[in-house]
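Small disclaimer: the values here were computed from a predicted structure and weren't measured. Both backbone and side-chain heavy atoms feed into the values below; hydrogens, waters and symmetry mates do not.
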Amino acid sequence: MAMLVDSLSIARKNINDLFFIEAEKIDPQYKDVVGKIRFTTQAFEQYKQLRPLSPAAPTPEGDEAVEDDWTALFIANFTPILYTKMLRYSELFDFTNQYKDIISKQDQFASAFMNARNQAAANLDNLGFTATNYGMNNEALYSATHSMVGSTGGNIPVVPGTTTPLNLAFGPLALEQAMYEIRRQKSPTGQPMMLTGKLLLKIPPELEGVANRVVNSINLQGTNNNDTNDWIRRRIEVAVNDYYTSATAWFLRMVDSAFHKLFCLNQLPYKVDRLAMDSALSYKWVCRESYIFGWEDWHGVWATAGR
């Protein structure tokens, strides 16, 4: 059916709507990686990691109250990244079939943009042992020696008595160790973090079978039948991520987003527009959105490269 030129501007809104309909069909695995989704209309967002208050101090009557230091430990700006895709059509194609063709490609656009978003999120974990550009203070997300100003902390398993990483193969006892290690994380003032809620176990497809056996078994897998698995079953949820590059690495984060600081910061929502005709008598259709994945604080997450 012929498409009137004047109707194209009205139809672009429908194209945007169609994109989101198609995008809903693709698993948004980025949400499992970070859990926390934020929105901004600013060029960047500045995050501050504050030093928590120390425990209240006993103060004899008549003495001056104890002064505390509530200053920022680290400050960083997070600037969303623009992701784009463009198609070019000749004037003749525009006059005959352009709109219909753009409509037919919305499932491919949805796949292209959702794949990019899922991959960008997964890289927060994939590169979490080495990359230093995702967080507040030029440290990798997963480390045994996170700076806390005057002290250090860690969110990876280590050889006892050292800061040497210990790669734990996934299994029920390793998972129990990860659960108590994440609970043992201390604040910059050395206080317990109360990380006692549900945990999300993030794994590659290669670990899906064993993870579901470990988490869902009535008794602790591979141990005496008297060993209950109730602790793991009550606290662990499983998320499989097809964008993880390691077949052995596995990750934990608190399910409640109030207890961890991984995030996706969305800026420009997905849009598609037709640009003016260029000197080659062609029209360009441009699709774009902008966002960034990052972390404010390493507490509430844990990881091992596995083996």
CE on M254 to CD on Q185, rounded to 0.5 Å: 9.5 Å
Hey, is the main chain of D27 close enough, under 3.5 Å, to the side chain of N118 for a donor-acceptor pair? yes
Is there a donor-acceptor contact under 3.5 Å linking the side chains of Q267 and T40? no
What about F39 and W295, same hydrophobic cluster or not, with Ile/Leu/Val/Met/Phe/Trp/Tyr joined at side-chain heavy-atom distances under 4.5 Å? yes
Can N123 and Q119 be counted as having a side-chain donor-acceptor contact under 3.5 angstrom? yes
What distance separates K85 NZ from E289 CD, expressed to the nearest 0.5 Å? 12.0 Å
H299 and N155: side chain donor to acceptor below 3.5 Å: no
Heavy-atom donor-acceptor pair, T248 side chain to A305 backbone, under 3.5 Å: yes
Parallel, tilted or perpendicular, as decided by the 30° and 60° cut-offs, for the rings of Y142 and F251: tilted
M179 vs R235 side-chain heavy atoms within contact, under 4.5 Å: yes
Going by the angle between their ring planes, with limits at 30° and 60°, are Y47 and F78 parallel, tilted or perpendicular? tilted
Measuring only between side-chain heavy atoms, which start at C-beta, is V158 closer than 4.5 Å to T164? no
Are K36 and C264 close enough that some pair of their side-chain heavy atoms sits under 4.5 Å apart? no
Give me the ring orientation class for W250 and W302: parallel if the planes are under 30° apart, tilted from 30 to 60°, perpendicular past 60°. tilted
Exercise: do S111 and N115 side chains pair donor with acceptor under 3.5 Å: yes
Before giving the answer on salt bridge (Lys or Arg N to Asp or Glu O under 4.0 Å), spell out for K202 and D32 the whole-Å C-alpha distance, their side-chain angles and the decisive distance to 0.1 Å. CA-CA 8 Å; K202 302 181 291 182; D32 288 329; over 6 Å; no
Establish, yes or no, whether a centroid distance under 6.0 Å links the rings of F113 and Y270. yes
CG on D297 to CE on M148, rounded to 0.5 Å: 9.0 Å
Straight-line distance of S246 OG to I203 CD1, nearest 0.5 Å: 12.0 Å
Between L262 and V301, is any pair of side-chain heavy atoms under 4.5 Å apart? yes
Between R234 and N229: side-chain donor-acceptor atoms closer than 3.5 Å: no
Find the distance between CD (E139) and OG1 (T152) and round it off to the nearest 0.5 Å. 9.5 Å
Run through the side-chain heavy atoms of Ile, Leu, Val, Met, Phe, Trp and Tyr, join any pair under 4.5 Å, and report what else lands in L200's cluster. V255
Would I37 and L268 show up in the same hydrophobic cluster when neighbours are defined by side-chain heavy atoms closer than 4.5 Å? no
Quick one: do the D125 and Y244 side chains pair a donor with an acceptor below 3.5 Å? yes
Is the ring centre of Y291 less than 6.0 Å from the ring centre of Y83? yes
Give a yes-or-no answer on whether the side chains of N77 and E45 include a donor-acceptor pair shorter than 3.5 Å. no
I'd like to check L175 versus I236 (side-chain heavy atoms, cut-off strictly below 4.5 Å). Are they in contact? yes
Would K48 and E296 count as a salt bridge (Lys or Arg N to Asp or Glu O under 4.0 Å) if you check the C-alpha gap in whole Å, the side-chain angles of each, and the deciding distance to 0.1 Å? CA-CA 8 Å; K48 296 180 180 180; E296 295 178 74; over 6 Å; no
